[in-house]
Every structure is written in C-alpha cells, then in structure tokens.
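Here is the structure we will look at, set down as structure tokens.
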Amino acid sequence: AKGGGRGAFRFFEPELDHLMHVRRNLEKDMRKALARGEFELHFQPIVRVEGGRTSGYEALLRWHHPERGMVLPGEFIPLAEETGLILPIGEWVLRAACAEAAKWPSDLTIAINLSPAQFRSKELVSIIVGALATSGIEPHRLELEVTETVIMHDSEAVFAALGQLRELGVRIALDDFGTGYSSLSFLQKFPFDKVKIDRSFVSELASKREEARRIARAVVAFAVSLGKMTTAEGVETAEQLAILREEGCVEAQGYYFSRPMQASSIAQQAQRKAEA
Ligand code: C2E
Ligand code: CA
Ligand code: CA
Ligand code: CA
C-alpha cells in the first residue's frame, strides 16, 4: 500500500486475519498429529572426517500433514514452542529416536534436538531415563543437542538437569556454534561434550569472499581449540571437508555425505555392512 496512512492499515487487515486463521488451523492440526501418527523421524549420518566412518545419526523431525504434505520443522517447531505442544512432541521424538537406535549396531550414537521449553520442564530427566530404559540403549549412545538459548533462560535449573544427564552418561552437544552470544567464560562453565559448528560458517569455508572465509576458518579453529569433540554441520563440498580436516575438526555432517533419510534406509545399510 502507498503512503502509510490509515488506508494502508486497513489494506493489511484481511491479510493479518488470514495469517491468524492459518496459524489457528496449524495449531489445531498439530494437536491431532501425534495421535494420528503423522510425525516421522528422518536420520542424517554424522561421519568421521578421518576415515569416513559413520559414528551416528541426528534425528530430524518431519510432519506428514494430511493436506499440505511434508512439513519441515522450521515451519512448525516455533508454533509448537509457543503453544507448549513441543513438550508432548519432544517426548515422542525422544522415545521414537531411542527405539530406532536400539535396532542399530551398538557403536552408533543417536543425536536428538531439544527445545528450551523441554529444559524448563521438570520432567525432562525422567522422560530421558524412561526412553533409555524402554529402548535399552546405553546412555553414552544418546547425545542431546542444545543451543545457547537453552542455557540462557534459567541457568540454575538447566545446569542441574544437564549435570544429572551427564552423570547418567548422556552426552551434551552445543548446537549452532558461532551464532550465539556466549562469552568465553560462559563456554568454560557450560558442561558440554561436543560442539556443532553452524552451517553458516561451514558454507563460507571455501568462499570467494576473503573476509567471510577467514572468519569461518577462525570459528572452526576456535571450536577445535576448546578441546571437545567437534562436528561441522551442513558440509556440502569436498573443498569444505578438506579445510575442516586441515583445521582438525573431528566429525562432519551434510548433504556431501547424505541427506536425512528414512529409518528403513539405515537398517538396510547396516544389513549390507553385516553381509559384506
Ligand atoms: P539443526 O539442528 O541445525 O539441524 C540441521 C538442519 O540442517 C536440518 O534441517 C538438516 O536437514 C539441514 N541440513 C543438513 N545438512 C545440510 C546441508 O548440507 N545443507 C543444507 N542446506 N542443510 C542441511 P531440518 O531437518 O529442516 O531442521 C531444522 C531445524 O529444526 C533443526 O536445525 C533443529 O533446530 C530443528 N529440529 C529438527 N528436528 C527437531 C526435533 O525433533 N526437536 C526440536 N526441538 N527441534 C528440531
Ligand atoms: Ca541439531
Ligand atoms: Ca545445528
Ligand atoms: Ca540450526
């Protein structure tokens, strides 16, 4: 609309109305999705930079909406977080992912993304203990991916939960490394086992823009210097992988190796390996 006077406001009202309508419908559908079995997990391999062996998989949530088809998490996780639906959905993810990992060779890890809201819930630790017990997988095979926002919310309670989980043997990975605002002292206090270098840096590693390339390399070097496990996300080219190897990054994940895939493909791969 032109100008920006009252007319402009009226112009957008029907659109806003429409958006609210879409949102309400999405929420309504999401409430039914669990019971209707519309959620599915896809799994993306995490690969050793040296040797190329698969060390485990990250579980990534997919929603098969009856009318819209496959919906990616970017489209529904934010709404799930706002409405609290992330709690039952997140519990389903934990249980389903552990149950799937129980079918794999026992040296493979399973990485699961957790939302801040899940950490604010008093039940998180007991849900995880339950998922481990029901599936029978060893705690050290489970890796929980959390972003810095998780810890910034309510550090006392979150630190306590993280401590309990690590005592069980569960590993904690700091996701999207480089995109947050963590101070160095924060990184020293935060009890984590692994750093996942954000895709935005990995994609610039072989960039033609020198400044971006230098920053990207520095982020990788910094992550490695923390002395934890390091995984680079979103690796798409051999060139990126070569630089990661040079910098001493331990693991890599991305379309260069594999897109996230259905559980059945992993079972087939394991079968082929066992037969080879
Ligand atoms: P994330 O944890 O950073 O996950 C990595 C995302 O990058 C995934 O998108 C993955 O499919 C995508 N990806 C992997 N390799 C490449 C690559 O080489 N190139 C490009 N361009 N992309 C790549 P996805 O599956 O759409 O998930 C998006 C985000 O949604 C995740 O980001 C995570 O924050 C969230 N998410 C996914 N599943 C869950 C879940 O079960 N629970 C929660 N709370 N969040 C989830
Ligand atoms: Ca992740
Ligand atoms: Ca990530
Ligand atoms: Ca991300």
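Just so it is clear, the model here is predicted, and its values are computed rather than measured. Atoms within each ligand, like the ligands themselves, are counted from 1 in listed order.
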Same apolar cluster (I L V M F W Y, side chains within < 4.5 Å links), L108/L142: yes

message: With a 4.5 Å cut-off on side-chain heavy-atom distances among I, L, V, M, F, W and Y, is there a chain of contacts connecting L168 to I127?
response: yes

Working to the nearest 0.5 Å, report the span between [atom1] of [X] and [atom2] of [Y].
X	Y	atom1	atom2	answer
E148	D176	CD	CG	8.5 Å
I137	K103	CD1	NZ	12.5 Å
K196	E143	NZ	CD	7.0 Å
R141	W104	CZ	CH2	7.5 Å
E75	H65	CD	NE2	10.5 Å

task: Verify, without hydrogens or angle tests, whether R213 (side chain) and S207 (backbone) share a donor-acceptor contact under 3.5 angstrom.
output: yes

field: Criterion side-chain contact (heavy atoms from CB on, under 4.5 Å) on T230 and F177, from CA distance to verdict
entry: CA-CA 10 Å; T230 39; F177 180 76; over 6 Å; no

Do [X] and [Y] meet the criterion of a side-chain donor-acceptor pair at a distance under 3.5 Å?
X	Y	result
H64	E40	yes
E251	S55	yes
H21	D17	no
Q253	T231	no

List ligand 1 atoms under 4.0 Å from [X], heavy atoms only on the residue side.
X	result
Q44	14 (C), 15 (N)
G254	15 (N), 18 (O)
E58	2 (O), 4 (O)
P73	24 (P), 25 (O), 26 (O), 27 (O), 28 (C), 30 (O), 36 (N), 37 (C)
E233	3 (O)
D176	3 (O)
R62	11 (O), 24 (P), 25 (O)

For [X], is the nearest heavy atom under 4.0 Å from an atom of ligand 1?
X	value
Q253	no
K196	no
P260	yes

Within reach of ligand 1, part of [X] (heavy-atom separation under 4.0 Å):
X	result
D198	neither
I77	side chain
D175	side chain
S115	both
R259	neither
R199	side chain
V93	side chain

- request: May I have the angle between N113 OD1 and E58 OE2 with its vertex at the Ca ion (ligand 2), rounded to 10°?
  value: 90°

query: Which of parallel (below 30°), tilted (30 to 60°) and perpendicular (above 60°) describes F76 and W63?
result: perpendicular

- request: Please work out whether the ring planes of F39 and W92 are parallel, tilted or perpendicular, with thresholds of 30° and 60°.
  value: tilted

task: May I ask you to check if ligand 1 and I86 share an N or O to N or O distance below 3.5 Å?
output: no

- prompt: Would you say Y255 has any N or O atom under 3.5 Å from an N or O of ligand 1, going by distance alone?
  reply: yes

Name whichever N, O or S atom of [X] ends up nearest to the Ca ion (ligand 3).
X	answer
D175	OD1
E233	OE2
D176	OD1

- prompt: Is any N, O or S atom of E145 under 3.0 Å away from the Ca ion (ligand 3)?
  reply: no

- prompt: Do you see an N/O/S atom of D198, backbone or side chain, under 3.0 Å from the Ca ion (ligand 3)?
  reply: no

query: Among E75, H42, E81, E236, which one has a heavy atom closest to atom 20 (C) of ligand 1?
result: E236

